[in-house]
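A quick write-up on the structure given underneath.
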Protein chains: 2
Amino acid sequence: MATIGDVARVAGVSRSTASYVMTGRRTMSPATQERVREAARSLGYTPNAGARALATKQTMVIGLLAQFLEDEFAPAMLQYITGVTGTARELGYDTLLVSEPDGAHALKRLTDSRMVDGVVLLNVAHDDDRLPVLRATDVPGVLIGLPGDPSGLDVFDLDFAESGRMMVEHLAALGHRELALVTQPEHVVARGGAYVWRLLDAAQEEAHRRGLRLHAVPGASGQPQIGQDLHALLDTHPAVTGLLLHNEAAAAALPSVMYARGLQAPRDLSVVGRYSDEFARTFSLPFSSIESAPDRLGQLAVRRLLHRIGAPGDGSPPQVLLLAPELVDRGSTGAPAPR
Amino acid sequence: MATIGDVARVAGVSRSTASYVMTGRRTMSPATQERVREAARSLGYTPNAGARALATKQTMVIGLLAQFLEDEFAPAMLQYITGVTGTARELGYDTLLVSEPDGAHALKRLTDSRMVDGVVLLNVAHDDDRLPVLRATDVPGVLIGLPGDPSGLDVFDLDFAESGRMMVEHLAALGHRELALVTQPEHVVARGGAYVWRLLDAAQEEAHRRGLRLHAVPGASGQPQIGQDLHALLDTHPAVTGLLLHNEAAAAALPSVMYARGLQAPRDLSVVGRYSDEFARTFSLPFSSIESAPDRLGQLAVRRLLHRIGAPGDGSPPQVLLLAPELVDRGSTGAPAPR
DNA sequence: CTGAAAGCGCTTACAG
DNA sequence: CTGAAAGCGCTTACAG
C-alpha cells in the first residue's frame, strides 16, 4: 500500500505538503496541488485509517451497542440498526456493531481502547448497567430508549405515555366504553422494559379519567401462545369493542384470530396498535397504529451524537427527547356497533 | 487516558518491558510482571487500539458488507448479522457493519484504508460488483452466497440445488404426483438472486426424472399480494397435493390462506418450505422446512476468514462450501388424500 | 532478564 | 507558499 511518503516522493514535495493537500487544511499553489493529487491517484493512495486516528485522535467510527434479546422482534431491531448506520455513513462515520451479552463490558472495551469517537446505546433498560460505564467515560454517548434515571444523558425515545393516552383518547372519541390492552409479556417488563408500563399506566389513567373500562393483559411474544391469549381475552371480555395492541406478536397474530372468530375491523372490533409502519407493511397489518419511528429515532440520535463529538462540552445541556406519537390511520377504528 | 508510558513510569520499568508484559510475548520475572500489572490496573490502562493497529498491522476488526435490499426479509438478515458478529467476537474480533448502497465503493474504502483485517460479503449476487474489488485487494474476504463465478474465492452457501431435489424427493416418496413451487418474485432473480433458479431448476429436473408435474410460480414478497397469489395458485391447479415454498412471505401468509379455504396440512395439502428454524418460530409456522441455517453459515464464514487472516497465503485453495440441506419435520407432509 | 531506539503512517505546530 | 521535525501510542528487532 502506498503511504503519504510515496505520494510526496512521486510528487516531489515534502510529506507535510502532501498531507496538507489531502486534508485541504492549507492553501496551496494549484500546481503543487495538482502534482500531489496526480501522484495520489496514480499510486491508488488512501490514508491509513489507524495512523490518521492516532494523529488526529478521531477514528470516524461510532459504536452501536445493541442487545439481541430473546423475544425481541427482529424487524424493529433491524430498523434501528439501519437507521443508525445509514445516518452515520451519510455524515462520514462508520459503525462498529457490538452485541455482546455483557453490554457494560463491551462498552468499556470500546471506550477505553478509543476504538470509537462515540456510542449509541440501543435497547436501554430501566436500570441499564451500561449507564455507569457511559457516565464514567469522556467518550460521548446517546441513548435510544429512556432509562429510569436519564440525568446527564442525551436520550431519544417515543413518548410512550402520550402514546397510551392517545390510543385511549382516539377510541373514546369514537364512543367506545370498554377497551382491552394487550401488552408485552411480563418478563420483558422484568428485564427493564419500562416502556411497557409507561404506556400502560398512562392508558389506564386516561381511561379512568374518561370513565372507561380498560382491561390490561400481558400477551406472549410468540405465535402459538399469543393466538390463544387473544382468543382468551375476547372470550373473557365479550363487551370489549376496542382493542389496543402494544405487542408486535399480538398484532401479527390478530388477523387470523379475528378471521377465525368471524370478526371484522372496525365493524365488530376497533383496533389500534403501536408499531412501525415498516412492520405493518411486512406483515401487511390492516390496523391503525402509533408509529414507533425507529429510523427517525436512530437518525436523531446519531445527529445528536455527532454534535457532541464535534463540540465536546459546548455547554448545551443533555436532553431527553420524547418523540410525539403519530397515529397512522389504516381504517381499523370506528364507532362501536349499537347493541 | 493512561498510556503505556504512564504504566512504565509507575512500575519503574521501560516502556518496552511494560509492553512485553501486556502482550506476554517475552518471559519476564514474576516480580516485574506483577509491578507492571498492578500499575496498569491502578491506572485503568487499556491499549489504544489505533496505535496498536498501526504497530502490529492488525486491527482486530472485520468488515461485514451487507445490502439492505427491498423485499429482503428482515428476520433472515438479522440472523446473518448476529451469526457473524457473535462468532467474530468470540474469536477476538469486532465487526464494522457497512450497508451502503454502493457496496463496491464501500468495500474499496474499508480495504484501502486498512480499517479491517478481513471482510465478509453478505447478499452476494450472481454478478456481484464487489467481487472485482475483493479480488484486487490483498485483504482476505469470504462470501456468504454463491456468485456466478466463485473462482479464487471462499464461499459459503446453502446447497439450493440439492434443497430443490430434496423437497421434490420427499413429496414424491409420499406418493404425490402433482406439485407446485412458489418462488421469489422475478425482480429478486433479476437483481442477481441466482439461488432462486438454482433451487427451481433442480426441483424441475427431479420432478421430471420422477414423472411428476411441477408448477412453478413466482410469488410477491409482501402480504396483501402474496395471499392473492396463493389463492390464485390453488384455484388454478386444484389437483396439486404438495406445495413447495421458496418465498418467506408466502410461508408467512399460507396459514391464513389455508384457513380461509378450509384446508389442513397434511390432510388436504402437504407443505414443505425453505427457511430458517428461527423464522419458523417467529411466525410459528407449522410447516416442515429445509433449514437455511444463517447462523451456521455466518459462523463458518467467519472461521474461514480468520484462518485466512492468520495464515495468509498458506496455500490451502479457496473453497466453495455448499451446506447440505436438512429437512426439519414439522408434520406438514403426508400421503396425498385418495381421490 | 531488561532497556534504548526505531518504526508503523499519519497530522500539525513551528520556522522560514 | 513550503519543509523539517516532533508527536500520536503502541510493538519489536537489536543490544547488552
Side-chain angles (χ1 to χ4, degrees), chain A residues 1-37 39-40 43-61 92 109-117 138-139, chain B residues 1-37 39-40 43-61 92 109-117 138-139:
Chain A
M1 282 273 91
T3 72
I4 189 87
D6 299 328
V7 173
R9 184 156 26 75
V10 169
V13 298
S14 72
R15 298 198 310 157
S16 58
T17 297
S19 175
Y20 280 119
V21 171
M22 301 312 297
T23 61
R25 299 179 77 78
R26 186 139 95 175
T27 53
M28 197 69 63
S29 82
T32 323
Q33 251 182 71
E34 190 38 49
R35 282 220 312 290
V36 171
R37 281 192 208 296
L43 292 167
Y45 170 74
T46 309
N48 178 296
R52 173 172 278 182
L54 187 57
T56 62
K57 302 188 170 309
Q58 288 196 61
T59 63
M60 301 308 280
V61 174
R109 185 165 54 79
L110 289 201
T111 54
D112 279 358
S113 66
R114 303 282 142 170
M115 295 183 75
V116 296
D117 295 338
D138 58 340
V139 174
Chain B
M1 281 274 92
T3 73
I4 190 86
D6 299 328
V7 174
R9 186 155 25 74
V10 169
V13 299
S14 72
R15 298 197 310 157
S16 57
T17 297
S19 176
Y20 280 120
V21 170
M22 301 312 298
T23 61
R25 300 180 78 78
R26 184 138 96 175
T27 53
M28 199 67 64
S29 83
T32 322
Q33 250 183 70
E34 189 39 48
R35 282 219 313 289
V36 171
R37 282 193 206 296
L43 291 168
Y45 170 74
T46 308
N48 178 297
R52 173 172 279 182
L54 188 57
T56 61
K57 303 191 169 306
Q58 289 196 64
T59 63
M60 302 307 281
V61 175
R109 186 166 54 79
L110 289 201
T111 54
D112 279 358
S113 66
R114 303 281 142 170
M115 294 183 75
V116 297
D117 296 338
D138 58 339
V139 174

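Chain letters run A, B, ... following the sequence lines, proteins first, then strands; residues in each count from 1.
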Review point. Which heavy atom of A/Ala2 sits nearest a heavy atom of A/Asp6, and at what distance?
Key: CA-OD2, 3.3 Å
Point to revise | For B/Thr59 against B/Met115, the heavy-atom pair lying closest together | key: OG1-O, 3.5 Å
Check your understanding: Hey, does the side chain of B/Ser29 come within less than 4.0 Å of C/dT2's phosphate (OP1/OP2), counting only N and O?
Key -> yes
Exercise for review: Work out which heavy atom in A/Ala11 is nearest to a heavy atom in A/Arg35; give both atom names and the distance.
Suggested key: O-NE, 2.9 Å
Check your understanding: So, for A/Ala18 and A/Val13, which heavy atoms are closest and what is the spacing to 0.1 Å?
Key -> N-CG2, 4.1 Å
**Study point:** Per-nucleotide protein contact string for nucleotides 9-16 of chain D, where B marks a base within reach and S marks sugar-phosphate only (heavy atoms under 4.0 Å, - for neither)
**Key:** BBBBBB--
Review point. Rounding to a whole Å, what distance do you find between B/Arg35:CZ and C/dG3:C1'?
Key: 14 Å
Revision key, fill the gap. What one should report as the nearest heavy-atom pair of A/Asn48 and A/Ala51 is OD1-N, 2.9 Å
Check your understanding: Can you tell me if B/Arg15 uses its side chain to pair, donor with acceptor, with the backbone of B/Gly5 under 3.5 Å?
Key -> no
Point to revise | Consecutive-pair stems (at least three Watson-Crick or G-U pairs, under 3.5 Å) that include DNA chain C | key: C:1-3 with D:14-16, C:5-12 with D:5-12, C:14-16 with D:1-3
Review point. Just how far is it from atom CG of B/Asp112 to atom OH of A/Tyr45, taken to the nearest 0.5 Å?
Key: 11.0 Å
Practice item. State the OG1-CG distance between A/Thr111 and A/Asp117, to the nearest 0.5 angstrom. Key: 12.0 Å
Practice item. Report the distance from atom CD of A/Glu34 to atom P of D/dT2, rounded to the nearest whole Å. Key: 14 Å
